[in-house]
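Taking it in order: structure first as C-alpha cells, then the write-up.
Both backbone and side-chain heavy atoms feed into the values below; hydrogens, waters and symmetry mates do not.
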Amino acid sequence: CHDLDMARFISGLEVESVAVNGSVTVDPAFKDFGDIDTSTISLKFANGALGVVENLRFAPYGHDTQVEVVGSLGSVASGPNPQRTVR
C-alpha cells in the first residue's frame with residue numbers, strides 16, 4: 001500500500017503494528033461484493049509514535065491526498081487541494 005510506504009518515508013521509522021477498520025458508508029453496492037468504501041488504518045511506529053491513514057473510494061470534490069505531521073513543536077501539512085481544504 002503506497003500510503004503505508006509514505007508513512008514510513010515521512011517518519012523515517014518502521015511500522016510495528018497495524019489495526020484496520022472498514023465500512024460501507026457511501027455506496028451500498030460495495031456490500032454486495034463483500035467490500036468496503038471507507039477505512040481507517042492505525043499505525044504504531046518503532047519509537048511509539050502513532051499514525052492514522054484514512055481512505056475513501058469516493059470523494060465528491062475530486063481526488064484528494066493530504067499529509068499532516070503533528071509534533072511537540074507544531075505541525076506541518078501538505079496537500080494538492082488547498083482551495084478545497086478548510087483550516
Side-chain angles (χ1 to χ4, degrees):
C1 174
H2 297 298
D3 294 326
L4 301 182
D5 291 334
M6 184 59 70
R8 292 173 57 227
F9 175 77
I10 290 171
S11 69
L13 299 166
E14 291 299 320
V15 175
E16 284 192 343
S17 65
V18 177
V20 178
N21 283 295
S23 64
V24 176
T25 60
V26 178
D27 187 347
F30 285 103
K31 188 178 264 185
D32 297 338
F33 297 99
D35 205 346
I36 60 173
D37 60 17
T38 305
S39 68
T40 59
I41 305 168
S42 298
L43 308 172
K44 184 173 183 182
F45 293 94
N47 70 347
L50 301 175
V52 177
V53 177
E54 301 170 348
N55 289 300
L56 298 114
R57 289 191 187 218
F58 177 74
Y61 48 85
H63 181 77
D64 189 9
T65 304
Q66 299 183 38
V67 64
E68 183 174 14
V69 178
V70 179
S72 59
L73 299 176
S75 65
V76 62
S78 176
N81 237 340
Q83 304 88 352
R84 298 182 179 162
T85 301
V86 177
R87 294 240 174 221

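E54 pairs by the side chain to side chain donor-acceptor pair (under 3.5 Å) definition with nothing, not counting sequence neighbours.
Side-chain contact check for R57 versus D35: some heavy-atom pair is nearer than 4.5 Å.
Side-chain heavy atoms closer than 4.5 Å link hydrophobic residues (I, L, V, M, F, W, Y) into clusters, and following such links, even through other members, never connects I36 to V20. I10 is connected to V76 through a chain of hydrophobic side-chain contacts under 4.5 Å among Ile, Leu, Val, Met, Phe, Trp and Tyr, so both are in one cluster. Each of L56 and I41 belongs to its own hydrophobic cluster when Ile, Leu, Val, Met, Phe, Trp and Tyr are linked at side-chain heavy-atom distances under 4.5 angstrom.
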Exercise for review: Please test V15 against L4 for side-chain contact (heavy atoms from CB on, under 4.5 Å), starting from the C-alpha separation and ending with a verdict.
Suggested key: CA-CA 8 Å; V15 175; L4 301 182; 5.8 Å; no
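Remark: the backbone N or O of V26 is paired with a side-chain donor or acceptor of D37 at under 3.5 angstrom.
Interatomic distance, T38 OG1 to D27 CG, rounded to the nearest 0.5 Å: 10.0 Å. Rounding to the nearest 0.5 Å places OG of S11 at 11.5 Å from CG of L50. Summarising the geometry, atom CZ belonging to F30 is positioned 10.0 Å from atom OG1 belonging to T25; distances are rounded to the nearest 0.5 Å. Considering CG of N47 and CD of E16, their distance stands at 8.5 Å, rounded to 0.5 Å.
If you run side-chain contact (heavy atoms from CB on, under 4.5 Å) between D3 and each of N55, V67, T65, only N55 comes through.
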